[in-house]
J.: 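The structure that follows is given in the form of structure tokens.
All figures in this text were calculated on a predicted structure; none of them were measured in a lab.
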Amino acid sequence: MKKGIHPKYEKVKVTCICGNTFETRSTSPSINKVDICSNCHPFYTGKQRAIAKEGRIEKFKQKYNLKKDK
């Protein structure tokens, strides 16, 4: 690696809007707030809602008055 061309990679303290604070590393020292973190993200908390996939084709056919399959 060439010397003097890479930005500094420093520790940054980050605060989420849920109140969780954590320390990470970044090249941008101005990062101090985030909208979502692993403490409040639905995927990590297990509160992810299930998407109903059943009946999508039937709803589409009904919406556009298409014939049903035999």
J.: Can Val14 be reached from Ile36 by stepping across I, L, V, M, F, W or Y side chains whose heavy atoms are under 4.5 Å apart?
T.: no
J.: Say you draw a straight line from OG1 of Thr27 to NZ of Lys8; how long is it, rounded to the nearest 0.5 Å?
T.: 12.5 Å
J.: Please identify which of these residues, Asn39, Val34, Thr15, meets the side chain to side chain contact (heavy atoms under 4.5 Å, CB included) condition with Asn20.
T.: Asn39
J.: Testing the basics here: between Ser26 and Val12, what is the closest heavy-atom pair and its distance to 0.1 Å?
T.: CB-CG2, 3.9 Å
